[in-house]
Every structure is written in structure tokens, then in C-alpha cells.
Amino acid sequence: QVQLVESGGGLVQSGGSLRLSCAASGRTFNTYTMGWFRQAPGKEREFVAAISESGSRINVADSVKGRFTISRDNAKNTVFLQMNSLKPEDTAIYYCAGKQWRSVFSFNTPDYWGQGTQVTVSS
């Protein structure tokens, strides 16, 4: 099994930035499409962004497009989510997820999930 561990969450003021990291176990990280989801209290889990195995293709949700950027470093088995211009509505638990050989445009059912990291944006 692949284990995913998120880090980098915290409390930030509106307009600020955070960079989330997700460290993955295993020797085949470069065969996994990776992505991020988030879930706010009382809301359904929401897709945020995904990145292909090589990092050549990305998919970013309209709600965060232009503010969030997803990237990966396969040499370090790590995927990142750079979050800029944060808004209070971005407050949620952010989950890292992965699935082997999947399109970034069809990433609704990942096989592996991290425990999540809390992001809180204050006014």
C-alpha cells in the first residue's frame, strides 16, 4: 500500500499564502497521478487539483484557478499545493490522494488518501 502524509497546513490571514506538501511512500511514485481534495465543515468533499505522473498535465478546479498551483518532485516522492491569495472560503481540511495511471480529468475515486491537514483562513 501507498502511504501519504500531508504537512504545511495552518492558520493564515486572508490574502496570505500556504504551501502544502504530501510525502508518499513506495518506489513507484512516478506511476501515480496525484491530487488534492478538501472538505469544509458541513460540505461535501471537493476536488481541488490533480497532476499527472510526470507532472506534464494538471487539472485545477475553477474555484481555485489562478490562485492555487499543483506541482510534484518525483525524486523526493512529494506533491505540493501552493495556495496564494487565500480566502476564508478556502478553510477546510486538505487531503492528498493518489491513483495509478489515471487522467487528471478523471480523478474522482483515488485509491490512496492521506490523513489531511487543516487550513484555516481568517478575515
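Worth saying up front: this structure is predicted, and the values here are computed from it rather than measured.
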Cluster question for you: counting only ILVMFWY and a side-chain heavy-atom cut-off of under 4.5 Å, with indirect links fine, are Val60 and Leu86 together? yes
Least distance between heavy atoms, Leu4 atom then Ala24 atom: CD2-CB, 3.5 Å
Interatomic distance, SG@Cys22 vs CH2@Trp113, rounded to 0.5 Å, equals 11.0 Å
Roughly how far, to the nearest 0.5 Å, is CZ of Arg19 from OG1 of Thr69? 10.5 Å
Going by heavy atoms in the side chains, are Tyr95 and Pro110 under 4.5 Å from each other? no
Phe29 to Asn74 - nearest heavy-atom pair and separation: CE2-OD1, 3.1 Å
Please confirm whether Arg72 makes a cation-pi placement over Tyr32, using NZ or CZ under 6.0 Å from the six-membered ring centre and within 45° of the ring normal. no
Determine whether a donor-acceptor pair (N or O, by modelled atom type, separation under 3.5 Å) exists between the side chain of Asn59 and the backbone of Ala50. no
Do Gln100 and Thr28 get their side chains close enough for a donor-acceptor pair, meaning under 3.5 Å? no
Nearest heavy-atom pair of Val119 and Gly9: which atoms, and what distance? CG2-CA, 4.2 Å
Heavy-atom closest contact (Ser17 atom, Asn84 atom, distance): OG-OD1, 2.9 Å
Please step through side chain to side chain contact (heavy atoms under 4.5 Å, CB included) for the pair Glu89 and Ser63, ending with a clear verdict. CA-CA 10 Å; Glu89 51 262 46; Ser63 60; over 6 Å; no
Heavy atoms of Ser21 and Thr78 approach each other most closely as CB-CG2, 4.3 Å
Mind checking the CD1-CH2 spacing from Ile51 to Trp36? Nearest 0.5 Å is all I need. 11.5 Å
Please work out whether the ring planes of Tyr94 and Phe68 are parallel, tilted or perpendicular, with thresholds of 30° and 60°. tilted
Can you tell me how far the CD atom of Glu53 sits from the CH2 atom of Trp101, to the nearest 0.5 Å? 5.5 Å
Name the residue from Asp90, Val12, Thr117 that meets the side-chain contact (heavy atoms from CB on, under 4.5 Å) definition with Leu18. Val12
Would you say Ile70 ends up clustered with Met34 if hydrophobic residues are merged whenever their side chains have heavy atoms under 4.5 Å apart, either directly or through other cluster members? yes
Side chains of Leu20 and Glu6, heavy atoms from C-beta outward: is any pair under 4.5 Å? no
Test item: Val64 and Arg38 side chains (from C-beta on) under 4.5 Å apart, heavy atoms: yes
Side-chain heavy atoms of Val104 within contact of Ile58, under 4.5 Å: no
Could you state whether Tyr112 and Val48 fall into the same hydrophobic cluster, counting links through intermediate Ile, Leu, Val, Met, Phe, Trp or Tyr residues with side-chain heavy atoms under 4.5 angstrom apart? yes
Return yes when atom NZ of Lys76 has more than 12 non-hydrogen atoms of other residues, nucleotides or ligands closer than 6.0 Å, and no otherwise. no
What one should report as the nearest heavy-atom pair of Cys96 and Val79 is SG-CG1, 3.7 Å
Nearest 0.5 angstrom please: Leu11 CG to Gln118 CD, how far? 9.5 Å
Interatomic distance, Met83 atom CE to Arg67 atom CZ [nearest 0.5 angstrom]: 9.5 Å
